[in-house]
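For reference, the structure is listed below as structure tokens.
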Amino acid sequence: MDDLAILGGLFAISFVAATILPAQSEAVLVGLLVAGTHSPLLLVGVASLGNVLGAVVNWALGRGIERFRNRRWFPVSPSMLDRATGWYRRWGRWSLLVSWAPFGGDALTVAAGVLREPLWSFVLLVTIAKTARYLVLAVATLSLT
């Protein structure tokens with residue numbers, strides 16, 4: 001498989017993992033890190049970019065929630081969205097620093113859109129959170145191999 005296909009696949013799974021479809025980008029990243037065929041920083045960068053852009057999709061869904069809320073495919077249940085919105089109202093934009101979390105992180109990114117978080121601050125905080133997660137994963141993986 002060529003480099004573009006490998007990196008494109010990592011980007012795609014990382015993007016999907018942050019949106020409405022269930023996916024685990026961490027396993028793919030770990031596999032590529034263990035294979036040792038690509039720069040770890042490049043892999044972390046590609047995974048982070050895909051995951052942040054996927055979170056932007058959630059933010060956009062939040063902005064248009066009244067049109068999408070009752071759709072079967074909508075990524076967040078009403079109760080999860082209520083919890084995330086409450087968390088977001090309590091902690092504000094800083095709650096986006098836990099947007100990497102496997103449970104509730106996606107709901108926070110939708111809540112940020114619902115509550116009209118500006119895109120610039122959303123992208124900044126989500127990038128910090130998601131990149132930090134992948135960096136920690138990369139350091140842990142490479143220290144064990």
Side-chain angles (χ1 to χ4, degrees), residues 1-65 68 71-115 117-145:
M1 199 185 281
D2 70 346
D3 287 342
L4 188 57
I6 291 169
L7 296 175
L10 177 61
F11 175 88
I13 192 71
S14 299
F15 180 91
V16 169
T19 61
I20 62 174
L21 301 173
Q24 291 296 319
S25 58
E26 294 84 1
V28 174
L29 178 60
V30 167
L32 290 171
L33 288 165
V34 169
T37 57
H38 295 84
S39 159
L41 286 178
L42 175 63
L43 294 174
V44 166
V46 168
S48 297
L49 179 63
N51 213 240
V52 169
L53 291 177
V56 170
V57 168
N58 289 347
W59 176 86
L61 286 171
R63 298 284 297 214
I65 196 163
F68 303 122
R71 306 282 174 133
R72 194 173 63 153
W73 53 263
F74 193 72
V76 179
S77 70
S79 64
M80 184 177 272
L81 184 59
D82 289 343
R83 277 193 309 268
T85 302
W87 180 272
Y88 196 86
R89 282 192 173 125
R90 179 174 181 190
W91 298 102
R93 67 176 43 135
W94 303 110
S95 63
L96 291 171
L97 292 173
V98 295
S99 63
W100 60 267
F103 298 103
D106 292 344
L108 281 171
T109 60
V110 173
V114 169
L115 297 173
E117 179 66 35
L119 184 58
W120 72 267
S121 55
F122 175 84
V123 170
L124 176 66
L125 292 168
V126 169
T127 299
I128 290 167
K130 291 179 177 281
T131 302
R133 175 201 48 200
Y134 285 131
L135 280 171
V136 167
L137 183 63
V139 167
T141 300
L142 295 173
S143 69
L144 293 174
T145 57

- request: Could you pull out the closest heavy-atom pair between Arg93 and Pro118, with the gap in Å?
  value: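 Where Arg93 meets Pro118 most closely, the heavy atoms are NH2-CD, 3.9 Å.
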task: Could you note down all residue pairs passing salt bridge (charged side-chain N to carboxylate O under 4.0 Å, His left out) where residues 34-54 supplies at least one of them, sequence neighbours left out?
output: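 Residue pairs with at least one partner in residues 34-54: there are none.
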Any pair counted as salt bridge (charged side-chain N to carboxylate O under 4.0 Å, His left out), so long as it reaches residues 44-57, sequence neighbours left out: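 Qualifying pairs, neighbours excluded: none.
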Show which side-chain atoms of residues 137-144 pair as donor or acceptor with protein atoms under 3.5 Å away, not counting sequence neighbours.
| residue | atom | partner | partner atom | Å |
| --- | --- | --- | --- | --- |
| Thr141 | OG1 | Leu137 | O | 2.8 |
| Ser143 | OG | Val139 | O | 3.2 |
| Ser143 | OG | Ala140 | O | 3.0 |

query: When rounded to the nearest 0.5 angstrom, what is the spacing between CG in Leu115 and CZ in Arg63?
result: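 Reported to 0.5 Å precision, the distance equals 10.5 Å.
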Glu117 backbone acceptor or donor facing Trp59 side chain under 3.5 Å: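 Yes, because the side chain of Trp59 sits within donor-acceptor range (under 3.5 Å) of the backbone of Glu117.
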task: Return yes if some donor-acceptor pair links the side-chain N/O of Asn58 with the main-chain N/O of Ala18 below 3.5 Å, else return no.
output: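 Yes; at least one donor-acceptor contact below 3.5 Å.
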Using residues 30-40 as the side-chain source, report each donor-acceptor pair under 3.5 Å to any protein atom, sequence neighbours left out, with the distance given to one decimal.
| residue | atom | partner | partner atom | Å |
| --- | --- | --- | --- | --- |
| His38 | NE2 | Asp3 | OD1 | 2.9 |
| Ser39 | OG | Leu41 | N | 3.3 |
| Ser39 | OG | Leu42 | N | 3.3 |

Under the side chain to side chain contact (heavy atoms under 4.5 Å, CB included) rule, collect the residues that match up with [X], sequence neighbours excluded.
X      : value
Ser95  : Trp87, Tyr88, Trp91, Leu108
Ala23  : Ile13, Val16, Ala17
Leu49  : Phe11, Leu53
Val136 : none

Pairs satisfying side-chain hydrogen bond (donor to acceptor under 3.5 Å, both in side chains), at least one member in residues 21-35, at least two apart: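 Those involving residues 21-35 are Ser25-Tyr134, Glu26-Arg133.
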- request: Quick one: list whatever passes salt bridge (Lys or Arg N to Asp or Glu O under 4.0 Å) with Arg89, sequence neighbours left out.
  value: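 With neighbours one apart ignored, the set is empty.
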With Ser99 via side chain to side chain donor-acceptor pair (under 3.5 Å) - residues at least two apart: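 Testing Ser99 for side chain to side chain donor-acceptor pair (under 3.5 Å), a comparison that skips the adjacent residues, returns none.
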